[in-house]
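The structure appears right after this line, and notes come after that.
Values reported hereafter were calculated over all heavy atoms of this structure, with side chains retained and with hydrogens, waters and symmetry mates removed. Nothing fancy with the numbering, it's 1 onward along the sequence.
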Amino acid sequence: MIYFDNSATTRPFKEVLDSFVKVSSEFFGNPSSLHGLGLEAEKLLTQARSQVANLLSVKPTEIYFTSGGTESNNLAIKGTAMLHKNKGRHLILSSVEHPSVRGAMEQLKMLGFDITYLPADHTGRVNLEDVKASIQKNTILVSVMQVNNEVGTIQPIAEIGKLLKHYPTILFHVDAVQAVGKVPVNLIENGVDLCSFSAHKFHGLKGTGALFIREGVRLDPLLSGGNQEWKVRSGTENVAGAVAMAKALRMTLARSELDLERMKRVKSLLRTGLSRIDDLSINTPLENSAPHILNFSIKGVKAEVLIHTLEQKGIYLSTTSACSSKKQLPSQTLLAMGVPDDLADSAFRISLSYDNTEDEAEKVIVAIEEAAKQLRKVMK
């Protein structure tokens, strides 16, 4: 099996699974309970929070555990909007955001908030001048993802953060779900107020994630209940998930230091090889793109058909983001980049892990070329 769909989800590290099982079976107490089992669970939760914070170079009190990227994005966006609606009702996001960001914004629009979508250039990158021009007196939030989940474009987070320092009433939210372990995540240095993470994107477990909330920033909670996570995210904490997430983050960052250059070589090999295939165009920009994502289109080939053809050969890749792939609609990200409808409708995404090899890349290039030729004959 060749698994090239790591932006959808990654295989959990064995050590991560082991830690989850151990905590679940031996330290199963509710961390809010006063007895010994509860105190043991609370201690593990505190340790996991400190470990995640240290790895991200922030304070433990700035890490709030959630169920993943979608919840973190919704909490950051809706929590900001509802708490600060009396200060302003204008929100800014890029036109190439993840569905969980766009969906949250559209819900707020129905509640009377004003939404501005920043255009993206042909590489999928927003322009700093467009951000500045979009700011109004009543703007309360700017949300821009660090790495695009479909094409891998890296957004100018540092530049946007520097700009927003001149607007102290505007909060800056970053979706860093696809960035962890692939590109530097410098929250304090880049002036980020809110940042979303999802553990299953870096070899942790599904259903676990975190939201960084800079010290001093306040949000309206989405969930009411027992006031866990400092009254921001009620619900009995997933202690085993938090411990597993901390381990996955530590291991991923360690692998990044060792294997990032190899990942870049694998992506480069794929880009060069795929570029030689007839009627294949690369959508991922050569510059300012993450090392693990490569998006391409094949003219005249239906995406879903090619995906299943490759699957029969034990090769797994995807079309758009996993959250949108079953809708069978053209990629909104590619359309925003100016890619023609027919090519946006025949787009594919390869996404790598540190375990993928150059040998696998060479096999996938051959398989894609053969499958494309075969399908073109059938579809004529």
Side-chain angles (χ1 to χ4, degrees), residues 7 69 73 77 91-102 105 115-135 139 141-167 170 172-187 189-196 201 263-264 267-268 270-271 275 281-297 320-321 323-324 330-341 343-344 347-352:
S7 286
N73 284 339
I77 293 166
L91 310 163
I92 299 171
L93 75 158
S94 83
S95 57
V96 292
E97 292 300 306
H98 187 270
S100 61
V101 170
R102 294 199 307 268
M105 292 287 190
I115 312 297
T116 294
Y117 287 87
L118 300 169
D121 64 17
H122 68 283
T123 71
R125 192 170 161 94
V126 301
N127 187 290
L128 188 64
E129 291 304 313
D130 288 330
V131 178
K132 187 174 182 179
S134 298
I135 294 174
T139 303
L141 178 71
V142 173
S143 181
V144 178
M145 68 195 325
Q146 185 165 2
V147 172
N148 183 268
N149 56 302
E150 293 187 46
V151 299
T153 300
I154 300 173
Q155 299 293 354
I157 298 303
E159 292 86 347
I160 295 173
K162 185 177 180 180
L163 168 68
L164 293 179
K165 287 182 180 178
H166 299 288
Y167 301 88
I170 300 176
F172 184 26
H173 169 245
V174 173
D175 175 349
V177 166
Q178 293 292 345
V180 176
K182 314 302 190 307
V183 300
V185 179
N186 300 316
L187 300 175
E189 180 182 336
N190 292 340
V192 176
D193 297 301
L194 303 155
C195 192
S196 303
K201 305 295 188 179
M263 177 182 281
K264 291 178 180 178
K267 180 184 174 183
S268 179
L270 283 164
R271 188 179 192 107
S275 297
S281 55
I282 304 291
N283 300 315
T284 294
L286 187 59
E287 303 293 333
N288 293 316
S289 66
H292 65 302
I293 296 176
L294 187 67
N295 189 294
F296 60 94
S297 298
T320 59
S321 70
C323 296
S324 305
S331 163
Q332 295 302 303
T333 294
L334 293 177
L335 293 177
M337 292 167 57
V339 175
D341 286 27
L343 293 180
F348 306 87
R349 180 187 66 184
I350 286 174
S351 47
L352 306 172

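- Residues Leu118 and Ser134 share a closest heavy-atom pair of CD2-OG, 3.3 Å.
- Legend: residues meeting side chain to side chain contact (heavy atoms under 4.5 Å, CB included) with Leu128, ordered by chain and number and at least two apart, are Glu159, Ile160, Leu163.
- Within the 4.5 Å cutoff, no side-chain heavy atoms of Asn288 are placed close to those of Thr123.
- Scanning for side chain to side chain contact (heavy atoms under 4.5 Å, CB included) contacts around Asn186 gives Pro184, Glu189, Asn190, with sequence neighbours left out.
- For the pair Val177 and Gly69, the tightest heavy-atom approach, listed with the atom from each and the gap, is CG2-CA, 4.0 Å.
- Taking the side chain to side chain contact (heavy atoms under 4.5 Å, CB included) definition, one finds that Thr139 meets it with His90, Ile92, Ile135, Gln136, Ile170, sequence neighbours left out.
- Of all heavy-atom pairs between Gly191 and Lys165, the closest is CA-CE, 4.4 Å.
- Legend: residues meeting side chain to side chain donor-acceptor pair (under 3.5 Å) with Asn73, ordered by chain and number and at least two apart, are Ser100, His173, Asp175, Ser196.
- With sequence neighbours excluded, no residue forms a side chain to side chain donor-acceptor pair (under 3.5 Å) with Thr284.
- A pairwise comparison of heavy atoms in Phe172 and Ile157 identifies CE2-O, 3.7 Å as the closest pair.
- Using a 4.5 Å heavy-atom cutoff, the side chains of Ser7 and Asn149 are not in contact.
- The shortest distance between side-chain heavy atoms of Lys182 and Val147 does not fall below 4.5 Å.
- When all heavy atoms of Gln178 and His292 are compared, the closest pair comes out as O-CE1, 3.2 Å.
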inquiry  = Is there a side-chain contact (heavy atoms from CB on, under 4.5 Å) between Ser143 and Met105? Walk through the geometry before answering.
reply    = CA-CA 10 Å; Ser143 181; Met105 292 287 190; 4.1 Å; yes

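- Residues that satisfy the side chain to side chain donor-acceptor pair (under 3.5 Å) test with Ser94, not counting sequence neighbours, are Glu97.
- With sequence neighbours excluded, the residues forming a side chain to side chain donor-acceptor pair (under 3.5 Å) with Ser297 are Asn283, listed by chain and number.
- For the pair Thr153 (side chain) and Asn148 (backbone), a donor-acceptor distance under 3.5 Å is absent.
- Between the side chain of Arg349 and the backbone N or O of Val151 there is no donor-acceptor pair closer than 3.5 Å.
- No side-chain heavy atom of Val101 sits under 4.5 Å from any side-chain heavy atom of Met145.
- Put simply, the side chain of Lys267 never gets that close to the backbone of Leu352: no donor and acceptor are under 3.5 Å apart.
- Under the side chain to side chain contact (heavy atoms under 4.5 Å, CB included) criterion, Ser275 pairs with Arg271, Ile282, sequence neighbours left out.
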Table please: side-chain donor-acceptor pairs of residues 330-339 below 3.5 Å, with sequence neighbours left out.
residue	atom	partner	partner atom	Å
Ser331	OG	Glu150	OE1	2.5
Ser331	OG	Thr333	N	3.3
Ser331	OG	Leu334	N	3.1
Gln332	NE2	Pro330	O	3.4
Thr333	OG1	Glu150	OE2	3.3

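- With sequence neighbours excluded, the residues satisfying ring pair (Phe, Tyr, Trp, His ring centres under 6.0 Å) with Phe348 are Phe296.
- Residues meeting the salt bridge (charged side-chain N to carboxylate O under 4.0 Å, His left out) test with Lys264, sequence neighbours left out: Glu261.
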